[in-house]
Protein chains: 4
Amino acid sequence: MDILSAAEHVFGRKGYYKATMQDIARQAQYATGTVYLYFKDKETLYFSLVEEKMRDLLALIKERTAAVRDAQEKLKIYLEEKLDFFEKNQDFFRIFILENGAAQASIDSRIATSALAKEYLACISEIMRLAQKQKLVRADMDPSQGAGIFRSISNAVIMDWLKKNMQQTLSLRQMSRFILDIFLGGARPSDETK
Amino acid sequence: MDILSAAEHVFGRKGYYKATMQDIARQAQYATGTVYLYFKDKETLYFSLVEEKMRDLLALIKERTAAVRDAQEKLKIYLEEKLDFFEKNQDFFRIFILENGAAQASIDSRIATSALAKEYLACISEIMRLAQKQKLVRADMDPSQGAGIFRSISNAVIMDWLKKNMQQTLSLRQMSRFILDIFLGGARPSDETK
Amino acid sequence: MDILSAAEHVFGRKGYYKATMQDIARQAQYATGTVYLYFKDKETLYFSLVEEKMRDLLALIKERTAAVRDAQEKLKIYLEEKLDFFEKNQDFFRIFILENGAAQASIDSRIATSALAKEYLACISEIMRLAQKQKLVRADMDPSQGAGIFRSISNAVIMDWLKKNMQQTLSLRQMSRFILDIFLGGARPSDETK
Amino acid sequence: MDILSAAEHVFGRKGYYKATMQDIARQAQYATGTVYLYFKDKETLYFSLVEEKMRDLLALIKERTAAVRDAQEKLKIYLEEKLDFFEKNQDFFRIFILENGAAQASIDSRIATSALAKEYLACISEIMRLAQKQKLVRADMDPSQGAGIFRSISNAVIMDWLKKNMQQTLSLRQMSRFILDIFLGGARPSDETK
DNA sequence: AATGAATGAGCATTCATTCAT
DNA sequence: GATGAATGAATGCTCATTCAT
């Protein structure tokens with residue numbers, strides 16, 4: 001098993017601080033020192049893991065959303081990719097939701113200021129801007145704030161799914177319709193159900 | 001300064017792991033050992049802090065929302081109290097958003113399974129249920145999931161406010177209208193702007 | 001046993017790098033962490049030890065040499081105090097001879113640039129200058145270089161004494177006459193012995 | 001670049017402990033393991049380096065001093081060769097002055113008890129003995145002690161030169177006259193200046 | 001001969017926790 | 001109740017050394 005996978009496993013289960021480099025090395029079936037051949041220190045290992053996953057996810061999203069013009073379709077695709085991704089990378093999800101800035105100073109700021117994080121945010125904000133242009137989303141909302149809200153809602157739903165659906169009989173991807181409904185239309189009953 | 005306030009100050013600024021018991025004792029103007037007279041260990045101190053604040057917030061919310069019957073009004077009041085509370089307890093906010101389960105396993109589960117947390121969730125879920133009865137909120141949404149989404153959206157907005165409004169010229173409470181709009185009506189343009 | 005004495009013992013026997021903080025703690029009959037209550041880190045402990053000893057020696061030398069006016073007498077007293085001091089602090093001598101700059105960069109420069117080291121050097125240079133004024137020492141010699149040579153000769157003799165006189169039947173102090181003779185008159189036979 | 005030269009470079013700049021075998025291998029443009037084909041371990045590499053240089057220097061000194069009979073001339077030649085040698089091998093000088101026994105026990109004693117070191121000392125002591133026979137040096141001085149003092153004085157001067165003459169506009173060899181003056185005649189003003 | 005990835009013992013340092021006063 | 005010096009287990013990280021290729 002490669003080191004990043006081992007790190008994902010351990011960080012995901014124990015969190016950054018409780019995870020030890022020895023845990024990770026053991027999980028990767030390496031000696032302690034070997035981990036340091038590939039990653040300068042614990043923080044860098046963590047950072048690299050976040051970057052790798054973020055890069056993968058971003059690549060997927062960019063590729064898939066580029067194919068369509070319609071903002072609502074883009075949002076839907078983005079959401080589906082994200083849900084798929086987190087269904088496959090549940091260990092990583094625990095890490096990723098900290099991205100919002102709740103974890104530790106030095107690492108978080110390193111992540112937040114990384115080119116990739118900015119690109120990720122820019123990509124979602126871009127979709128939001130397009131949605132505004134296409135009158136799908138209200139104009140009086142800052143695109144990056146819109147992106148934050150969209151992410152929050154989806155994270156909340158993913159979290160809920162993780163808790164209630166431990167056996168995972170239900171695919172996370174199926175929640176995309178619901179999330180999009182909520183984001184666009186809110187919690188109020190739609191007209192036809194009134 | 002009492003120990004819980006000191007803990008709030010230090011945990012809020014450094015996070016659970018970087019905060020040391022000595023930091024907290026120093027901040028409280030007590031000797032290290034004294035902290036242990038009141039709290040069995042670090043985890044318990046953290047847990048007690050979260051509980052105390054949650055109790056305060058919950059009491060406020062219960063008291064204020066009990067006075068009205070209308071679900072939308074209840075939601076508005078809940079939101080305003082929460083925003084006020086976090087504006088006054090910004091140190092605590094950083095702690096509270098971790099409540100979602102992204103921090104370290106043992107404490108998080110202790111918090112999540114605490115009677116108070118359940119009561120808090122129940123209180124919000126109850127409001128959701130009422131909102132469904134009053135046709136304010138769509139029926140096909142699990143009340144606790146609705147509560148999660150509502151909390152996520154407000155947390156996202158608070159976070160945004162914290163970042164962009166460091167000088168705090170704008171009161172957080174003023175965001176309640178916007179949050180409620182988003183939660184109920186979603187991001188789609190309202191009819192009149194169509 | 002206090003920590004500085006333990007450090008002197010261990011550093012003197014093992015040298016800076018081979019000495020471990022655990023060695024020192026054990027020697028001082030403390031737990032590892034206790035050493036860190038008093039000294040920030042290993043380097044600081046080492047530095048503090050050197051400073052303490054240097055301060056003691058310098059105080060002795062200043063006090064005793066202040067009492068006389070004659071440069072040759074001053075040199076003799078300086079030498080006797082130094083020899084006495086190193087006879088009593090043999091562990092420390094191994095450390096002190098590194099003072100010349102042969103040890104490790106960060107520590108050495110910290111020592112070399114310390115106020116105390118400068119004062120020590122200034123004190124000896126001052127005596128040299130006086131010796132030049134009193135025609136005891138040739139004028140075409142930089143005082144600090146003279147000090148360096150004087151120190152070198154005495155260090156060489158101390159080292160020799162340490163090697164050949166392990167049983168220490170001979171007092172080191174008795175070498176002062178010889179060292180002074182060599183420094184002032186050189187190795188050439190004196191007139192009367194020609 | 002051969003391994004010993006690389007070792008000289010690295011040891012001279014970083015000192016024994018801070019120098020790593022990887023540093024040395026990199027400098028020698030070899031893989032880490034290759035160094036171990038030629039040298040059993042780090043200590044042996046260090047030791048071999050010291051021996052090689054000492055052998056070179058000793059060979060030079062022996063060859064050049066054998067040509068003359070006069071003790072003073074021998075001392076002068078010895079000194080000039082040594083100064084030349086260290087001017088060419090400044091990295092090595094930092095290593096060599098530790099030879100005095102201030103570094104780490106195991107290696108130092110290995111060096112001190114090596115046949116070569118003994119031969120080196122014997123060679124200088126022999127010159128001292130001859131100097132005594134020729135009445136150049138006082139009889140009441142142990143030859144090996146005399147050698148130690150002579151070496152100390154020259155080391156002090158070289159050290160001084162290294163510090164003050166970083167730009168190296170002044171050749172070190174030119175200091176030989178001064179060193180010999182000091183060693184033989186001491187610091188006292190010469191008769192003509194009285 | 002040469003490689004360099006892998007090893008793992010070893011060390012500096014931290015910090016939650018205890019307990020004699 | 002209060003203290004704060006002392007503890008020592010735990011952890012990140014280094015680096016000399018090995019060995020399969």
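Throughout, protein chains are lettered first and strands after them, A, B, ... in sequence-line order, and every chain is numbered starting at 1.
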Whole-Å distance separating the CD1 atom of D:Ile24 from the C1' atom of E:dT3: 18 Å
State plainly whether the residues B:Asp23 and B:Arg26 are in salt-bridge range, i.e. N to O under 4.0 Å. yes
Does the D:Thr44 side chain pair with the main chain of D:Lys40, one donor and one acceptor, at a distance under 3.5 Å? no
Base paired to E:dT18 (Watson-Crick or G-U; both N/O distances under 3.5 angstrom): F:dA5
Which whole number of Å gives the distance between the C1' atom of F:dT21 and that of E:dA1? 13 Å
Do C:Lys53 side-chain atoms and C:Phe93 backbone N/O form a donor-acceptor pair below 3.5 Å? no
Is a donor on one side and an acceptor on the other found under 3.5 Å between the side chain of B:Lys14 and the backbone of B:His9? no
Watson-Crick or G-U wobble partner of E:dC11, both distances under 3.5 Å: F:dG12
Rounded off to whole Å, could you give me the CD1-to-C1' distance for the B:Ile3 and F:dG1 pair? 11 Å
What's the CZ-P distance between B:Phe39 and E:dT18, to the nearest Å? 16 Å
Rounded to whole Å, how long is the line connecting atom CG of C:Asp23 with atom P of E:dC11? 8 Å
Tell me the interatomic distance from C:Arg26, atom CZ, to F:dA6, atom C1', rounded to whole angstroms. 17 Å
Parallel under 30°, tilted from 30 to 60°, perpendicular over 60°: which one fits the rings of A:Tyr46 and A:Tyr16? perpendicular
Checking B:Phe92 now: which residues fulfil ring pair (Phe, Tyr, Trp, His ring centres under 6.0 Å) with it, not counting sequence neighbours? B:Phe96
Treat primed atoms plus P, OP1 and OP2 as sugar-phosphate and everything else as base, then score nucleotides 8-15 of chain F 5' to 3': B for base contact with protein heavy atoms under 4.0 Å, S for sugar-phosphate contact only, - for none. B--SSBBB
Look at all strands and tell whether B:Tyr38 reaches a base, only sugar-phosphate, or nothing, counting heavy atoms closer than 4.0 Å. sugar-phosphate
